[in-house]
Amino acid sequence: MRERQSSDWVIDLNGRHGIEAQVEHALSIHPTLTLLKASTTSFDRLDFQVLSAGEQLVQLELKAKRQPLSKGWRDLRPEVRPEDLFVLDELALRKIVDAGRFAFLLVRDIPQARWVLWTVGDLLVASRARPARTLDRGAGTHLKGKLLFDLSEAGFATHDLQEALDAIAATTRRLDAWWSDIAPWPPLPATG
């Protein structure tokens, strides 16, 4: 895995706006989720705050997987199919967990043309590798915590954004029961 360069941030941020707009539009017309706020430029909140049909505040963090991961990343999880590897910042995971049990991570997996949805519970029980990545920010080198997940372990996967949002709405109704149950965390059936 190569060192992260300052120019990588520009590419990442520019490519993200189209996906954010797509999700924001889909949330704004969803029949059972009410978009309260898009916070995609905030560093303190998850990307979207919505209200479920049961008036539960739900928060959604959006990430994108733009390309297959390099060999250096693949070597960290050789047991996982390369197309299922996904890197998430430790800080992003902490923010999702901090938002509570009604927070979700929605990943747009561009190479596989799918949407992958994780509940907080899914993220907590998922297998992962935990490498640190070197980050060059011009004022010296820093380490950034990374988590390498297997997308096939997510609670839900589909090729349709509407189905992913429907899964958020349906899952929100079940989360309190799952959260308090002694049974293993239940995966939702993947559709695509």
Side-chain angles (χ1 to χ4, degrees), residues 1-27 30 38-41 46-48 59-96 103-136 144-168 170-171 187-192:
M1 113 185 82
R2 72 172 178 81
E3 287 186 16
R4 187 93 170 133
Q5 303 297 314
S6 297
S7 61
D8 292 334
W9 290 101
V10 175
I11 294 167
D12 290 349
L13 292 175
N14 287 339
R16 200 182 143 144
H17 296 304
I19 297 169
E20 290 171 345
Q22 183 182 7
V23 171
E24 183 174 355
H25 174 72
L27 285 168
H30 194 274
S39 303
T40 55
T41 59
L46 300 188
D47 291 322
F48 299 98
Q59 295 198 61
L60 178 62
E61 181 69 2
L62 178 62
K63 297 293 183 189
K65 177 181 176 180
R66 302 198 165 288
Q67 60 193 14
L69 296 179
S70 66
K71 183 176 179 341
W73 288 110
R74 293 191 313 264
D75 289 347
L76 295 171
R77 299 266 334 246
E79 78 284 6
V80 177
R81 295 179 337 154
E83 58 269 21
D84 287 330
L85 287 175
F86 176 69
V87 177
L88 181 68
D89 293 343
E90 278 189 26
L91 179 58
L93 178 63
R94 290 192 296 266
K95 287 179 179 180
I96 293 165
F104 292 82
L105 170 63
L106 180 62
V107 176
R108 178 58 174 155
D109 180 4
I110 295 168
Q112 299 300 311
R114 63 183 167 175
W115 296 91
V116 181
L117 183 67
W118 302 78
T119 65
V120 171
D122 296 326
L123 290 167
L124 291 174
V125 301
S127 66
R128 70 196 105 205
R130 188 174 172 238
R133 181 176 188 167
T134 304
L135 182 68
D136 179 9
K144 187 170 188 179
K146 296 290 186 176
L147 298 164
L148 191 55
F149 284 99
D150 179 351
L151 289 175
S152 72
E153 293 182 357
F156 188 79
T158 180
H159 293 285
D160 183 70
L161 176 56
Q162 180 70 36
E163 287 180 4
L165 298 182
D166 291 346
I168 291 172
T171 303
L188 293 172
T191 62

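The model shown is predicted, which means the values in this text are computed figures rather than measured ones.
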Next on the checklist: To check you understand the geometry: which heavy-atom pair defines the closest contact between L148 and W73, and what is its length?
Outcome noted: CD2-O, 3.3 Å
Item to check | Any donor-acceptor N or O pair under 3.5 Å, side chains D150, S152 | outcome: yes
Item to check | Separation between CG of L165 and CZ of F48, rounded to the nearest 0.5 Å | outcome: 9.5 Å
Checklist entry - How close do L117 and A164 get, heavy atom to heavy atom, and via which atoms? => result CD2-O, 3.7 Å
Next on the checklist: Among L105, V87, L123, V80, exactly one meets side chain to side chain contact (heavy atoms under 4.5 Å, CB included) together with F149. Which residue is that?
Outcome noted: L123
Checklist entry - Can you find a pair of side-chain heavy atoms, one from S39 and one from Q59, that are under 4.5 Å apart? => result no
Checklist entry - Between the main-chain N or O of Q112 and the side-chain N or O of E83, is there a donor-acceptor pair closer than 3.5 Å? => result no
Checklist entry - Any idea which heavy atoms bring L27 and L60 closest together, and the distance? => result CD1-CD2, 4.2 Å
Item to check | Pairing residues for D166 by the salt bridge (charged side-chain N to carboxylate O under 4.0 Å, His left out) criterion, not counting sequence neighbours | outcome: none
Next on the checklist: Under the side-chain hydrogen bond (donor to acceptor under 3.5 Å, both in side chains) test against E90, which residue among K144, K146, R130 passes?
Outcome noted: R130
Checklist entry - Is there side-chain contact between E24 and T40, with heavy atoms separated by less than 4.5 Å? => result no
Item to check | Rounded distance (nearest 0.5 Å) linking atom CD of E163 with atom CH2 of W115 | outcome: 12.5 Å
Checklist entry - Is a donor on one side and an acceptor on the other found under 3.5 Å between the side chain of D47 and the backbone of L62? => result yes
Item to check | Side chain to side chain, W118 and L151, heavy atoms closer than 4.5 Å | outcome: yes
Checklist entry - Tell me, do R108 and I110 make a side-chain contact under 4.5 Å, heavy atoms counted? => result yes
Next on the checklist: So does L69 get a backbone contact from the side chain of R74, meaning a donor-acceptor N/O pair under 3.5 Å?
Outcome noted: yes
Checklist outcome for this item: Here the gap from T119 atom OG1 to L124 atom CG, rounded to the nearest 0.5 Å, amounts to 8.0 Å
Checklist entry - Between D160 (side chain) and Q162 (backbone), is there a donor-acceptor pair under 3.5 Å? => result yes
Next on the checklist: Within the 4.5 Å heavy-atom criterion, are P68 and P111 side-chain neighbours or not?
Outcome noted: yes
Checklist entry - What's the spacing between K63 NZ and I19 CD1 if we round to 0.5 Å? => result 11.5 Å
Next on the checklist: Less than 4.0 angstrom from a charged side-chain N to a carboxylate O is my criterion; do D84 and K65 meet it?
Outcome noted: no
